[in-house]
**Q** 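So that we are looking at the same thing, I have put the structure below in structure tokens.
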Protein chains: 2
Amino acid sequence: MSISERKKKILGALVDEYIKTAEPVGSKAIASISGLGCSSATIRNELAELTALGYLEQPHTSAGRIPTPAGYRMYVNELMEKQKLSLEEAEDINRRLNEKLTQLDEQMRDVGKLASQLTDYPALALAAYAPATIKRFDLIYIDANTFIIVVMLSNNTVKNKLVNLPVSVDQQMIQKLATLFNANFTGISSDKITPLLISSTERAAGDTMGLAAVIASFTMETLESQQGVEAYITGENRLLSQPEFRDPDKAHKLMNYLSDGGHIIADAENGLFDDESEVRVLIGPENIAEELKDSSVVIASYDMGDNTKGLIGVVGPTRMDYSAVAAKLSFLAAGLSKRLGAGAAPPSGMHNKLIIKGDDIIDEQ
Amino acid sequence: MSISERKKKILGALVDEYIKTAEPVGSKAIASISGLGCSSATIRNELAELTALGYLEQPHTSAGRIPTPAGYRMYVNELMEKQKLSLEEAEDINRRLNEKLTQLDEQMRDVGKLASQLTDYPALALAAYAPATIKRFDLIYIDANTFIIVVMLSNNTVKNKLVNLPVSVDQQMIQKLATLFNANFTGISSDKITPLLISSTERAAGDTMGLAAVIASFTMETLESQQGVEAYITGENRLLSQPEFRDPDKAHKLMNYLSDGGHIIADAENGLFDDESEVRVLIGPENIAEELKDSSVVIASYDMGDNTKGLIGVVGPTRMDYSAVAAKLSFLAAGLSKRLGAGAAPPSGMHNKLIIKGDDIIDEQ
DNA sequence: ATTAGCACTCGAAGGCTAAGAGTGCCAACA
DNA sequence: TGTTGGCACTCTTAGCCTTCGAGTGCTAAT
């Protein structure tokens, strides 16, 4: 079902204006800003039809119109000008990204923070880790009561743990255990680590102190923490600057929902990771979660490398500046993919300050 | 300046009631709940005097009284019944603590979250790390382009980093570097790591690829991230359930302040870490930060071991349930000190589920 | 010193009105 | 047929007034 060109222009102008002001928009306002050379009466007729079609609604009879979710959807799909970032904005993002590439989990938090700062909405950062296995064990002998476990995972992250023992061990035992673990515990998933396997390793090493159990339990912990979905939310406080959240109850409800990343994860698993499109917009009732039914979510996905997929998104009122938000997230995601993704230069200690400049994203004027 | 016993009882009853209801308390209400056998008129006289003394104030002439900061201060110092936790509450906290002892930084977040959940106020977790040095380097050779740096710090934390090289190295070089770093980079603070030291190490190792620089820069990063003060804030959203923050502007201001941990740190450095008392209460204007002038902060400090001090606190309206909050934080801090502090069993992979049961904290009825 | 009584104050809540914004519709017009 | 000016109508918002009630401070009696 398509609508006339003029209706589209009117709808577009109305949404733009509403995004700016957060106030219902009247026919006169549209007449003056839309640039169509027609009077407010004409606009009124059009508005009446757009309302009948379900794109607009009136809070009450004598107020202006505001977009319905269907109206926003139309706006996002067809009307919205794909906004491009200015060169300064793009450079700013690049600069900040280059500062921030550290640990993976730290990173997610940082990236979320960055998204939130850029858009002035609360941001969520999700990562879906593919199940990993251990690639390699090292045990570093420190002294008779202390050693360090270092494991390298199939996704190239490295984890360690300092172990303090109430009893003493010798370096040989540590060495033997390292060899055994490298032989028996690499390449397997955490559910393959059975009590049987552990006890047989203990016996093989001549370990009577439960060392193998300690190492095995750290291994399982590590493997388990590496798979599944993780979520960070930042900048919840920015919600409060939005007029639609002046009602403390509304704000409270949404913030409660957001503050527990677990909910997001549960919802995310229902399909958020499936779709491959670059930036997705979920408007109001399109969201699965009850608490988000009158908010909107904009999400961009990126490749974190090692079969891991990241999502970076923001949450805001349905009256959201979709165009600006989508542009920023898209650029951010592209930057992250290039830096982390499969095709990227391997993460290294060297400084690699590649500057990303996709012409489709940056406005080079 | 001391006040009569009866005035104290009245003040105490009033504060209790106000904490419960968040509404100004009138003379009649006090007469009926205080248990003093006197009429509301008598109470009124006393209230007038308490008001003159600066402990109470009236929002307007014909409303009941609410406590001033001075009133709360008096309440906290002298009147408040030191609340004890029930056995269930104590056990609940212990159980949760035992689940949560993981990485130090992770831990702080978790502990903050726990405090926030327990008290239903936003929580802040601060740690003041004593400057650390590197105790030991290990470099694990993986393949020609990859090795892992593992450093053990003087405070017994272990950090690692996977390094991917664009060029290839042999195992000998790695070994040589490890030896050199153990000789030259252990026991020194990060400002001792000079370009000169790095270049001389490079020369000594015959390293022409800047490997030493990579390792050194990781070392500096690690050392720097280990000292200073760190802060996490959680549960900001809980503010919104407090009636005094129904005003979105007020809530927004405070949440903005809280959400940037940096501010807290700056303020914290002005003395928060000095005082040795177990639980401190900062009421309204007693706070340094402008943004906290009409909120209260309750803080408990604990020993994180290795010369590191932790603070765990909550932020809420001046009308805060000081007694309950203080009891919970105190118990939490004690539990953390026992688990982490100087006297604690060394952190180990073994499960050490000691149960803490200070009679001064738990109510054993 | 305590208490009952009473006049007084002041905010909260409800009802009313006026102002203003925006609509829908109609009749006139191109 | 599409567009436009005009106009009556609707509905919200803000302001004002009144009423109601809670709680006070004061006074006089005990």
Side-chain angles (χ1 to χ4, degrees), chain A residues 3-11 13-18 20-68 71 243-244 246-248 319, chain B residues 3-11 13-18 20-68 71 243-244 246-247:
Chain A
I3 58 177
S4 80
E5 211 45 45
R6 190 171 67 182
K7 281 201 182 54
K8 285 189 184 175
K9 272 209 176 133
I10 290 174
L11 180 53
L14 187 145
V15 175
D16 281 333
E17 182 68 10
Y18 183 62
K20 239 193 294 174
T21 63
E23 299 285 326
V25 185
S27 53
K28 214 150 63 176
I30 294 180
S32 79
I33 57 168
S34 71
L36 300 157
C38 61
S39 77
S40 66
T42 313
I43 306 281
R44 271 206 292 286
N45 289 328
E46 297 283 48
L47 288 180
E49 290 179 48
L50 283 167
T51 307
L53 289 169
Y55 295 124
L56 298 176
E57 63 186 344
Q58 290 177 284
H60 51 266
T61 353
S62 74
R65 260 81 171 187
I66 61 177
T68 60
E244 23 274 285
R246 291 201 65 79
D247 174 7
R319 181 191 61 78
Chain B
I3 58 175
S4 81
E5 212 45 46
R6 190 170 66 184
K7 280 200 181 57
K8 285 189 182 174
K9 271 208 177 136
I10 291 174
L11 180 53
L14 188 145
V15 175
D16 282 334
E17 182 68 9
Y18 183 61
K20 237 191 297 175
T21 62
E23 297 284 326
V25 184
S27 54
K28 214 148 64 176
I30 295 180
S32 78
I33 57 167
S34 71
L36 301 157
C38 60
S39 76
S40 67
T42 312
I43 306 279
R44 271 204 292 286
N45 289 327
E46 297 281 48
L47 288 181
E49 290 180 48
L50 283 167
T51 307
L53 289 169
Y55 295 123
L56 299 176
E57 63 185 344
Q58 290 179 284
H60 52 267
T61 354
S62 73
R65 258 79 171 190
I66 62 177
T68 61
E244 23 274 284
R246 291 200 67 78
D247 174 7

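Letters A, B, ... mirror the listed sequences (proteins, then strands); counts begin at 1. None of these values were measured; they are calculated from a predicted model.
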**Q** Using atom CG of B:L14 as one end and atom P of D:dG23 as the other, report the distance to the nearest whole Å.
**A** 12 Å
**Q** Does B:S27 make a side-chain N or O approach to OP1 or OP2 of D:dT24 shorter than 4.0 Å?
**A**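 So the side chain of B:S27 is within the cut-off, an N or O lying under 4.0 Å from OP1 or OP2 of D:dT24.
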**Q** Rounded to whole Å, please give me the gap between CG in A:N45 and C1' in C:dC26.
**A**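 Atom CG in A:N45 sits about 11 Å away from atom C1' in C:dC26.
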**Q** Considering just the side-chain nitrogens and oxygens of A:S39, establish if one lies under 4.0 Å of OP1 or OP2 belonging to D:dT4.
**A**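 Answer yes for this pair, as a side-chain N or O of A:S39 is under 4.0 Å from OP1 or OP2.
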**Q** In whole Å, what is the span from the CD atom of B:E23 to the C1' atom of D:dG21?
**A** 14 Å
**Q** Please state whether the phosphate of C:dA21, meaning OP1 or OP2, lies under 4.0 angstrom from any side-chain nitrogen or oxygen of A:S62.
**A** no
**Q** Classify B:A41 by what it touches in the nucleic acid, base, sugar-phosphate, or nothing, heavy-atom distance under 4.0 Å.
**A**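 Base contact.
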**Q** Does D:dT3 have its OP1 or OP2 closer than 4.0 Å to a side-chain nitrogen or oxygen of A:R6?
**A**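 So the side chain of A:R6 is within the cut-off, an N or O lying under 4.0 Å from OP1 or OP2 of D:dT3.
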**Q** Where the side chain of B:Q58 is defined as all heavy atoms beyond and including C-beta, which of C:dT3, D:dG25, D:dT10 is the nearest nucleotide?
**A** D:dG25
**Q** Roughly how many Å is it from CG in B:L47 to P in C:dT2, rounded to a whole number?
**A** 14 Å
**Q** Report yes if at least one side-chain N or O of A:R44 is closer than 4.0 Å to OP1 or OP2 of C:dA21; otherwise report no.
**A** no
**Q** Could you give the CD-to-C1' distance, from A:E5 to D:dG2, as a whole number of Å?
**A** 18 Å
**Q** Would you please confirm or rule out a distance under 4.0 Å between OP1 or OP2 of C:dC10 and any side-chain N or O of B:T61?
**A**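 Result: yes.
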**Q** With nearest nucleotide decided by heavy atoms, which residue, B:E46 or B:H60, maps closer to the 5′ end of DNA chain C?
**A** B:E46
**Q** Does A:E57 pair with A:R65 as a salt bridge, N-O distance under 4.0 Å?
**A** no
**Q** CZ of B:R65 versus P of D:dA22: gap in Å, rounded?
**A** 17 Å
